Visitor: 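Handing you this structure, nothing more for now.
Just so it is clear, the model here is predicted, and its values are computed rather than measured.
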Amino acid sequence: MKKTRKLVIAAVLAAVITIMTAYVCHVPVGTNGGYVHFGDTFIYIAACILPFPYAAAAAAIGAGLADLLTAPVWILPTVIIKTLICVPFTSKKSTLLCPRNVVAVFVSAVISISGYAIAEGIMFGNWAASLLSLSGGIVQSGVSGILFIIAASLLDKKDIKNTLKI
């Protein structure tokens, strides 16, 4: 039953990540198909609620589907990068907001920003343009990090981890 619960929660979070990435506050940045969104906030939440394989699946599937709907050229880099941004977080604490998960926001931002810069340089063969798009990545990661801290503190007040019984 516990495995089924994790799968269902991962599937629901993948759907939320897709919607929050593709449609809610979807602001295009630059000419490369990139955009600012709220999806990473829910990837961080998934990584704090679910064990790594489930969180990584929710992140990769949710963000990958969003790219399929909005910017298909980015699917492969997105699936890799969104999986990697789950790594710094822990789901082993009783709350979402713990010191490790606060630090993880910054580590994940570095992974995401550098990952997309590298992917853009490889895909388009223009390293100068990839450096110019860093500002969009910084805004994207910053907004998602702030929203995560707010959402995690509110979810902790509702004792979400105990409620979900994961």
Visitor: Give me the atom names and distance for the closest heavy-atom approach of Pro51 to Ile166.
Guide: CD-CG2, 4.3 Å

Visitor: May I ask you to test the Cys48-Ser91 pair for a side-chain heavy-atom distance under 4.5 Å?
Guide: no

Visitor: If every non-hydrogen atom of Lys2 is compared with every non-hydrogen atom of Lys165, which pair is closest and at what distance?
Guide: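 Looking at all heavy atoms of both residues, the closest pair is CE-O, 4.0 Å.
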
Visitor: Does the side chain of Leu13 reach to within under 4.5 Å of the side chain of Tyr54, using non-hydrogen atoms?
Guide: no

Visitor: Between atom CZ of Phe148 and atom CG of Leu155, what is the distance when rounded to the nearest 0.5 Å?
Guide: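 Phe148 CZ to Leu155 CG: 9.0 Å, rounded to 0.5 Å.
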
Visitor: Would you indicate whether the side-chain heavy atoms of Ile9 and Arg5 approach each other to under 4.5 Å?
Guide: yes

Visitor: Can you give me the closest heavy-atom contact between Leu96 and Lys161, atom names plus distance?
Guide: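 The answer is CD1-CG, 3.5 Å.
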
Visitor: May I ask you to test the Cys98-Thr90 pair for a side-chain heavy-atom distance under 4.5 Å?
Guide: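 Side chain of Cys98 against side chain of Thr90, heavy atoms only: contact under 4.5 Å found.
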
Visitor: With the side chain counted from C-beta on, respond yes when Leu147 and Phe42 share a heavy-atom pair under 4.5 Å apart, and no when they do not.
Guide: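 They are not in contact (no side-chain heavy atoms under 4.5 Å apart), so the answer is no.
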
Visitor: Quick check: are there more than 12 heavy atoms from other residues, nucleotides or ligands sitting under 6.0 Å from CZ of Phe52?
Guide: yes

Visitor: Would you call Lys82-Asp40 a salt bridge at under 4.0 Å N-O?
Guide: yes

Visitor: What about Ile111 and Leu76, same hydrophobic cluster or not, with Ile/Leu/Val/Met/Phe/Trp/Tyr joined at side-chain heavy-atom distances under 4.5 Å?
Guide: yes

Visitor: Counting C-beta onward and ignoring hydrogens, is there a side-chain heavy-atom pair between Gln140 and Tyr116 closer than 4.5 Å?
Guide: no

Visitor: Under 3.5 Å, is there a donor-acceptor pair linking the side chains of Tyr23 and Thr18?
Guide: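 Note: Tyr23 and Thr18 side chains miss the donor-acceptor criterion.
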
Visitor: Which is it for Thr4 and Leu7 under the side chain to side chain contact (heavy atoms under 4.5 Å, CB included) test, yes or no, and what are the steps along the way?
Guide: CA-CA 5 Å; Thr4 303; Leu7 285 171; 5.6 Å; no

Visitor: Please walk me through it: do Trp74 and Met123 pass side chain to side chain contact (heavy atoms under 4.5 Å, CB included)?
Guide: CA-CA 9 Å; Trp74 288 100; Met123 291 168 58; 3.9 Å; yes

Visitor: Give the cluster check for Val107 versus Ile80: same hydrophobic cluster or not, with ILVMFWY residues linked at side-chain heavy-atom distances below 4.5 Å.
Guide: yes

